[in-house]
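Every heavy atom of this structure was used, including side-chain atoms; hydrogens, water molecules and symmetry mates were not. Computed from a predicted structure; not experimentally measured.
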Amino acid sequence: MHNENDIILKAEHVKKYFPIKGLVGNVTGNVKAVDDVSMHLFRGETYGLVGETGCGKSTLGRTLINLSEATSGNITINGQEITRIKPKEMHFLRQKIQMVFQDPYTSLNPRMRIGDILTEVLEIQHIGKRAERMDMVIEMLEKVGLRVEHYYRYPHELSGGQRQRVGLARAIILNPDLVVCDEPVSALDVSVRSQIINLLLDMQQDRNLTYLFISHDMSVIRYTSRRTGVMYLGHLVEEAVTDDLFANPMHPYTQVLLSAVPTPNPHIKRKRIVLSGDLPSPINPPTGCVFHTRCPAAKEICLSQLPEMVELAPNHRVACHIGA
């Protein structure tokens, strides 16, 4: 059981809007990428964040570690409020919060050798002496499954899996407490995915890391995550222990996502739930419940009233009028 002291990250009513500007520079509207999300992460756990493309999960991940400034809300990491933190203080805190990006090629500087990319991270945070940094980098490369000769290579000389290992090494070399993994295996071949996922989990066990694992792949989330949050159009609509979520999905959108997951046993037939209509625009989201325009079980109240996130079962929160 976890308690309040085990919480490493706490987000309360976080919003991230991107302003839309007209021809003369005036703001004509907002893209509501993240709209009033509250959640927390326990130290040492993996929290999976899942949802279809465009739901705001990557924007939420960046906002939670202040790579993208929150429009409103409060975010606390290791007991320190970061939404109004000074840049100098954020620089020192950055060592403890890192990110593994989705594309392992564009996230690495193509003009720098791998050794220089990792050494630069240590230099920025003033870790180690100049003579020690090369040894620290080589040791980290070996821990993520790369060889000494990779120190002198450029990103284009590595495979996708090797580049993602470098991305992981760049995040882990600072000994962070929290790592946001933004679709870290989606750009990789299927044969390489399991290697990177198992490497992430081994690193977590060795260093007591906390992961926010963002993915659209439900099978990856089930394998990696202890708890899972489901996002739809900028809102967190369900959150539960992963096994409970898969066994008893309560929100209609979660049920839709799980119905699309193929079963390993061909004799087990799962009823596929097909959504009608297109995904609404985050510029002009529906009134009431944002899912009501596509929900097969929508009621009259769903059209006008936004449901609150309530705990319908132990450690199982749902934002839905149907189950309330």
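A distance-only check finds no donor-acceptor pair linking the side chain of Glu139 to the backbone of Met136 [under 3.5 Å]. For Lys57 (side chain) and Gly51 (main-chain N/O), a donor-acceptor pair under 3.5 Å exists by modelled atom type. In this structure a side-chain-to-backbone donor-acceptor pair under 3.5 Å is missing from Thr63 to Glu69. Looking at Asp103, its side chain does come within 3.5 Å of a backbone N or O of Tyr105 through a donor-acceptor pair. A donor-acceptor contact shorter than 3.5 Å is absent between the side chain of Thr59 and the backbone of Ala33. Gln205 contributes no side-chain N or O that, together with a main-chain N or O of Asp202, makes up a donor-acceptor pair within less than 3.5 Å.
The CG atom of Leu158 sits 5.5 Å away from the NE2 atom of His150 when rounded to the nearest 0.5 Å. With rounding to the nearest 0.5 Å, the separation of SG in Cys181 from CD1 in Ile197 is 10.0 Å. Going from atom OH of Tyr17 over to atom CD1 of Ile283 covers 13.5 Å, rounded to the nearest 0.5 Å. Between atom NE2 of residue His216 and atom CD of residue Glu183 there is a gap of 5.5 Å, rounded to the nearest 0.5 Å. Considering CZ of Arg165 and CD1 of Ile172, their distance stands at 13.5 Å, rounded to 0.5 Å.
Looking at Gln102 and Ser186, their side chains do bring a donor and an acceptor atom within 3.5 Å of each other. Judged purely by distance below 3.5 Å, without hydrogens or angles, the side chains of Glu238 and Thr254 pair a donor atom with an acceptor atom. Counting only N and O atoms by type, the side chains of Tyr151 and Asp116 include no donor and acceptor under 3.5 Å apart. In this structure, a donor-acceptor pair under 3.5 Å is absent between the side chains of Ser191 and Asp189. Judged purely by distance below 3.5 Å, without hydrogens or angles, the side chains of His13 and Asp36 pair a donor atom with an acceptor atom. Side chains of Asn198 and Tyr223: a donor on one and an acceptor on the other come within 3.5 Å. Inspection of the Tyr211 and Glu45 side chains reveals no N or O donor paired with an N or O acceptor under 3.5 Å. Side-chain contact annotation: Ser225 with Thr46, donor-acceptor N/O pair under 3.5 Å absent. At a cut-off of 3.5 Å, with distance as the only test, no side-chain donor of Arg227 or Asn315 sits close to an acceptor on the other residue. A donor and an acceptor atom, one from each side chain of Arg207 and Asn175, are located under 3.5 Å apart.
Using cut-offs of 30° and 60° for the angle between ring planes, the Phe291 and His251 rings count as tilted. Below 30°, between 30° and 60°, or above 60°: for Phe42 and His40 the angle between ring planes is above 60°, a perpendicular geometry.
Hydrophobic clustering of Ile, Leu, Val, Met, Phe, Trp and Tyr side chains at less than 4.5 Å, counting indirect connections, unites Ile117 with Ile173.
Results of the salt bridge (charged side-chain N to carboxylate O under 4.0 Å, His left out) test with Arg317 over Glu239, Glu308, Glu311 single out Glu239 as the only residue that passes. Screening Asp6, Asn78, Asn208 for a side chain to side chain donor-acceptor pair (under 3.5 Å) with Arg43, the sole residue that qualifies is Asn78.
Note that Lys88 lies outside the cation-pi zone of Phe92, set by a 6.0 Å cut-off to the ring centre and a 45° limit from the axis.
The local environment of CG in Asn248 is crowded, with over 12 non-hydrogen atoms from other residues, nucleotides or ligands closer than 6.0 Å.
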